[in-house]
Amino acid sequence: WNTDQDLTEMRQHVTDEFIEEFNRGRREYLQGNWSVALKHLKAADNIMVDTVMEQGYVEEELNEIRARILNNEDVEAEEAQIRNEMGDGPSRRLMGFIESKGGIPPSNWKGYRPLTSK
């Protein structure tokens, strides 16, 4: 995990700040503190998006958007789509589940839920 060149390259955009926020969010989620979990998971997701954009992983897409802006085209939806695609999948999956339950864990919450899809 820490020495394989391919694995470390795949994780180069994962910052310590992201890991800290995600782990806090996951821990709070498991403990049933969903409002706190949501705060940390959203922070982790934003860190991921910002890091990916700052490190130039979507430079080509951003250049296309900038060109459209210069041509006065409406590109807000496209920029939002790029940000959405660059977010953290696990954080977003947990946020989506929390939000689907209205932000309140079931009264019998045991720190897990049945997975209904792969």
Side-chain angles (χ1 to χ4, degrees):
W1 181 255
N2 291 320
T3 58
D4 182 275
Q5 183 178 2
D6 292 332
L7 291 174
T8 56
E9 186 71 21
M10 284 174 33
R11 294 189 335 270
Q12 70 180 349
H13 63 285
V14 178
T15 65
D16 290 342
E17 182 183 16
F18 166 81
I19 292 170
E20 185 176 319
E21 287 293 340
F22 178 80
N23 286 340
R24 284 181 182 172
R26 182 186 57 204
R27 184 172 46 251
E28 296 297 336
Y29 165 79
L30 293 172
Q31 292 175 354
N33 301 321
W34 285 7
S35 61
V36 177
L38 204 52
K39 179 185 116 189
H40 289 290
L41 293 168
K42 285 181 180 181
D45 186 57
N46 286 330
I47 291 166
M48 180 65 71
V49 170
D50 292 343
T51 301
V52 166
M53 294 182 87
E54 287 171 6
Q55 292 185 0
Y57 292 106
V58 291
E59 193 66 31
E60 186 175 319
E61 292 91 340
L62 291 175
N63 285 337
E64 289 175 13
I65 288 174
R66 289 181 188 113
R68 291 183 186 138
I69 289 171
L70 293 174
N71 293 327
N72 294 323
E73 295 180 31
D74 182 21
V75 294
E76 288 181 18
E78 289 183 53
E79 186 174 357
Q81 178 65 29
I82 288 175
R83 289 186 68 83
N84 189 44
E85 290 171 4
M86 295 300 112
D88 180 57
S91 294
R92 289 184 176 197
R93 188 74 170 171
L94 291 175
M95 289 186 302
F97 181 73
I98 290 169
E99 290 167 349
S100 76
K101 301 297 181 187
I104 301 169
S107 59
N108 61 346
W109 180 249
K110 295 177 183 171
Y112 63 90
R113 65 183 174 96
L115 297 179
T116 57
S117 65
K118 289 185 178 183

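Bear in mind that the values here come from a model prediction, so they are computed numbers and not experimental data. Just so you know, these numbers use all the heavy atoms, side chains as well, and skip hydrogens, waters and symmetry mates.
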### Query
Taking atom CZ of R113 as the centre, does the number of heavy atoms from other residues, nucleotides or ligands within less than 6.0 Å exceed 12?
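Correct, the count exceeds 12.
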#### Entry: Atom CD of Q31: over 12 foreign heavy atoms under 6.0 Å
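Yes, the 6.0 Å shell around CD holds more than 12 heavy atoms from other groups.
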### Query
Looking only at atom types and distance, does a side-chain atom of W34 sit under 3.5 Å from a main-chain N or O of Y29, one as donor and one as acceptor?
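At least one qualifying donor-acceptor pair exists.
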### Task
Indicate yes or no for a side-chain donor-acceptor contact from D45 to the backbone of D88 under 3.5 Å, with no hydrogens or angles considered.
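Answer holds: yes.
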### Task
Begin with the C-alpha distance, continue with both residues' side-chain angles, and end with the deciding distance and a verdict on side chain to side chain contact (heavy atoms under 4.5 Å, CB included) for M48 and V14.
CA-CA 7 Å; M48 180 65 71; V14 178; 4.1 Å; yes
### Task
Could you please spell out the steps behind the side chain to side chain contact (heavy atoms under 4.5 Å, CB included) verdict for F22 and H40?
CA-CA 6 Å; F22 178 80; H40 289 290; over 6 Å; no
Give, for atom [atom1] of [X] and atom [atom2] of [Y], the distance between the pair rounded to the nearest 0.5 Å.
X   : Y    : atom1 : atom2 : result
K42 : S91  : NZ    : OG    : 12.0 Å
L41 : E99  : CG    : CD    : 10.0 Å
L30 : W109 : CG    : CH2   : 7.0 Å

### Query
Is the closest basic N to carboxylate O distance between R24 and E28 below 4.0 Å?
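Result for this pair is no, no salt bridge flagged.
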### Query
Would I104 and F97 show up in the same hydrophobic cluster when neighbours are defined by side-chain heavy atoms closer than 4.5 Å?
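I104 does not cluster with F97.
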### Query
Of the options N46, I47, N23, which is the one that meets F18 in a side chain to side chain contact (heavy atoms under 4.5 Å, CB included)?
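It is I47, the one option of N46, I47, N23 that forms the side chain to side chain contact (heavy atoms under 4.5 Å, CB included) with F18.
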